[in-house]
Amino acid sequence: MIPQAFIQDLLGRVDVVDVVGKYVKLKKAGANLLGLCPFHGEKSPSFTVSPTKQFYHCFGCGAHGSAIGFLMEFSGLSYVDAIKDLAQATGVQVPQESGPQDSQALARNQDAAQVLEAAMKFYRSRLKDAPQAIDYLKRRGLTGAVAARFGIGYAPDSWRGLEAAVNDYASESLTVAGLVIEQPAQEGNQAKRYDRFRDRIMFPIRTMRGQVIGFGGRILERGEPKYLNSPETPLFTKGRELYGLFEARQALRDKDCAIVVEGYMDVVMLAQHGIDYAVATLGTATTPDHLRKLLRLVERVVFCFDGDKAGRKAAWRALEASLPFADDAKRIDFLFLPPEHDPDTYVQEQGRAEFEALLGRATTLSQFLLAELAQNNDLNNAEGRARLIAQARPLLHQLPPAALRMQIEHELASLSQLRLEEVQKLIGDAPPPASRPEFSEAKDGSGAGRSANSGAAGAFSRSAMRKTRPPSQPELLPRVIALLASHPGLALEVSDELLDPQMVSLLGQLRQVPANASWAAVTEAVASVAPEMARMLETRALGAMAQTGQPSALGTLGDRPELEEEEARQELSDAVRQMQLKTVEKQYNALSASMAQGQLSDDDKRRLLDLQGLMLALRKRAAAPN
């Protein structure tokens, strides 16, 4: 079982508006958001989402619940799979039940969250009494309105300033929250406890729902470290969190773009100039968790760095983290500012219009990748061109095998003075699709892929499209046949589209078999198309009889199914999508090989693009949860 403490913490990290907003087009309506209900047909919106209460409700059909409930109802996920989906989006691991310690952990985390909230209010209240802090913020160009929006405060120059903010300064919750440092007793000296943050401008770090999980503190005068972050705690992990995500949440949805910068003041000053869709990493390099979180929210991510050597080095680390996510449906760009500027100073000097003009001219991932590789090698000789391919190989292996990778391979062929097929042979195959990160359904609210008959992958109704782990490829056909043999009636629910001829013929035979057919009737139907599979069924039936000692195991299939019908439907749905994906990939690869030799007609090129889009959609829907 999943600990209740983890579930509560997870719901505190996600915003139901963001979860629902990926599938339903929402508009502001007072304190809530309003849209057309995805669970029943309607022309006038009656579906509301409450950011404050964190639930959705439809006044038309009565559907209501939390973020977990929405994923269960909309995507047909089980309770556990819905939790796993949300956990993946926030970059956290799902633990298992640990017994009575669960309630203790929940209580500790709740106490820590409360003292963090109290600390934020305390720091904000002390800012107005600190003229030196106010003067610093004014010199940086910050307005009071923006400082209030981001909850910026001041930690007084006192060893135990937080005593004024909490009821019990000796409470364990202060150390769990990372707000105080405890110095153990040594050689007769008493243990000491004091504030971690002193004489610093305080930037609260919040989840998408606005829960305070940590702080960043900027020193006023000279001293080290210039910026001090909260330590790792049960609530706060630097490699997973982004500063400004809570404040930027609406602008991210509106712009469908996220700017990733390196500093708190960069985020704040961009927001002050109307560019309020920027977030910052917290003193760490960009991680896959950062990318996963952002690309669940937006289609485009722009990394903004200084144009100096350090900035380009940081950008390269971001590129390496981005490669597994760079499919054809996402856009990852890099914006390099003049060396003397960071986003804070540039937007103050040049203004919003000029900064957004730079965004429009940002360097694409492929351009940055190829430029760096070319710059590091002398392409005027064979050795340099060979090193170019050698350095590109591990990078391209991380890219999904889609059109972007193919385009980069074309560019590499030109740079290395090789033919495309030679480059592809030297690069080799990419990792299998299951090893790459996946994303949720389209966020435009169109509902693509939800209907039982929408698209080639629509073999089942929405309620049956659950993310169970699909069988491995080598066992796919036997498993499908075994499932259909146990539940022949399911053959009527499977679409023939994009399945190979043998599978289509098998479905045709099984559709003529009654639901209560005997093993003999099912085996005969299978044998007419796939004799080797029929022998597999006979062996399996004999094994079942040997285990039970009852001949009824060979009788009516409904008497002794391997899985309940709904479970079989779910697994069969995933297996069929895997088969469809295999068919599409085969067609795509064949056309790609022809294109490499310049043998594609205009119709073939259009077909290649169609297959590419279908392949991406099938991968997303057939992917197993992490």
Approximate separation, where rounding is to 0.5 Å, of R240 CZ and T284 OG1: 12.0 Å
Would a distance-only check, ignoring hydrogens and angles, find a side-chain to backbone donor-acceptor pair under 3.5 Å from R249 to D18? no
Given side chains that start at C-beta, do those of R193 and L174 come closer than 4.5 Å, heavy atoms only? yes
Under 6.0 Å from the NZ atom of K226, do we count more than 12 heavy atoms belonging to anything else shown? no
Of all the heavy-atom pairs spanning A318 and T286, show the shortest one and how long it is. CB-OG1, 3.8 Å
Taking all atoms of both residues into account, what is the closest heavy-atom pair of G217 and F197, and its distance? N-CE2, 4.1 Å
Working to the nearest 0.5 Å, report the span between CZ of F70 and NZ of K22. 10.0 Å
Set out, in order, the CA-CA distance, both residues' side-chain angles and the distance that settles side chain to side chain contact (heavy atoms under 4.5 Å, CB included) for M202 and L127, then state yes or no. CA-CA 9 Å; M202 299 298 291; L127 178 60; over 6 Å; no
Between P288 and L291, is there a side-chain heavy-atom distance shorter than 4.5 Å? no
For the backbone of P51 and the side chain of Q54, can you confirm whether one donor and one acceptor N or O come within less than 3.5 Å of each other? yes
Classify the ring geometry between Y194 and W159 as parallel (under 30°), tilted (30 to 60°) or perpendicular (over 60°). perpendicular
With heavy-atom distances below 4.5 Å as the criterion, would you say the side chains of M208 and L297 are in contact? yes
Heavy-atom donor-acceptor pair, S230 side chain to F215 backbone, under 3.5 Å: yes
Output, in order, the C-alpha distance, side-chain angles, deciding distance and verdict of salt bridge (Lys or Arg N to Asp or Glu O under 4.0 Å) for E247 and R206. CA-CA 9 Å; E247 292 79 9; R206 299 188 265 201; 2.6 Å; yes
Any non-hydrogen side-chain atom of V268 less than 4.5 Å from a side-chain atom of Y243? yes
Do D195 and R160 pass the salt bridge (Lys or Arg N to Asp or Glu O under 4.0 Å) test, and can you show the C-alpha distance, the side-chain angles, and the key distance before you say yes or no? CA-CA 5 Å; D195 291 3; R160 296 167 68 97; over 6 Å; no
For G178, is there any backbone N or O sitting under 3.5 Å from a side-chain donor or acceptor partner on T233? no
CA sep, side-chain torsions, deciding dist, call: M72, I68, side chain to side chain contact (heavy atoms under 4.5 Å, CB included): CA-CA 6 Å; M72 291 173 65; I68 295 174; 4.0 Å; yes
Smallest heavy-atom separation, I213 atom then F236 atom, equals O-CB, 3.2 Å
Check step by step if side chain to side chain contact (heavy atoms under 4.5 Å, CB included) holds for L179 and L162. CA-CA 9 Å; L179 289 170; L162 283 174; 3.8 Å; yes
Report yes or no: do D266 and Y346 form a side-chain donor-acceptor pair below 3.5 Å? no
List the steps and the verdict of ring-ring contact (aromatic ring centres under 6.0 Å, His included) for F334 and F305. CA-CA 8 Å; F334 296 83; F305 295 102; 7.1 Å; no
Heavy atoms of L71 and A82 approach each other most closely as CD1-O, 3.8 Å
Verify whether one side chain among Y154 and D199 offers a donor that lies under 3.5 Å from an acceptor in the other. yes
Below 30° counts as parallel, above 60° as perpendicular, anything between as tilted: where do the rings of F203 and Y264 land? parallel
Is a side-chain N or O of H273 found less than 3.5 angstrom from the main chain of L270, in a donor-acceptor match? no
Using the ring-ring contact (aromatic ring centres under 6.0 Å, His included) rule, take H57 and F59 through it: C-alpha gap first, then chi angles, then the decisive distance, then the call. CA-CA 6 Å; H57 179 78; F59 292 95; 4.7 Å; yes
From CA spacing to verdict: side chain to side chain contact (heavy atoms under 4.5 Å, CB included), R13, L86: CA-CA 9 Å; R13 289 174 178 269; L86 285 177; over 6 Å; no
Spell out, as yes or no, whether a donor-acceptor pair under 3.5 Å connects the side chain of T281 to the backbone of G283. no
Among Q132, R140, R139, find the one that has a side-chain hydrogen bond (donor to acceptor under 3.5 Å, both in side chains) with Y136. R140
Quick one: CG on L294 to CG on L245, what's the gap to the nearest 0.5 Å? 6.5 Å
Within this structure, what is the OG1-CE distance for the pair T345 and M269, rounded to the nearest 0.5 Å? 10.0 Å
Ion pair R317/E320, N-O distance below 4.0 Å: no
Rounded to the nearest 0.5 Å, what separation is found between the CD1 atom of I7 and the CD1 atom of I83? 4.0 Å
From I332 CD1 over to L295 CG, what is the distance, rounded to the nearest 0.5 angstrom? 5.5 Å
Between Q250 and D276, is there a side-chain donor-acceptor contact under 3.5 Å, judged purely by atom types and distance? no
Answer yes or no: is there a donor N or O on one side and an acceptor on the other, between the side chain of R200 and the main chain of G216, under 3.5 Å? no
Donor-acceptor pair, D256 side chain versus E299 backbone, under 3.5 Å? yes
Beyond-backbone contact of F355 with I275, side-chain heavy atoms, under 4.5 angstrom: yes
Looking only at atom types and distance, does a side-chain atom of D327 sit under 3.5 Å from a main-chain N or O of K330, one as donor and one as acceptor? yes
Heavy-atom pair with the smallest gap, counting every atom of L365 and D333: N-OD1, 4.3 Å
Check: Q272 side chain, T143 main-chain N or O, donor-acceptor pair, under 3.5 Å: yes
For atom CG of D168, is the number of surrounding heavy atoms from other residues, nucleotides or ligands below 6.0 Å larger than 12? yes
Any heavy-atom pair between the side chains of V260 and V301 that's under 4.5 Å? yes
Mind telling me whether F74 and F39 have parallel, tilted or perpendicular rings, with 30° and 60° as the class edges? perpendicular
Can you check whether R196 reaches V180 side chain to side chain, under 4.5 Å on heavy atoms? no
Correct closest heavy-atom pair for V19 and A67 would be CG2-CB, 4.0 Å
Check: L337 and C304 side chains under 4.5 Å, non-hydrogen atoms: yes
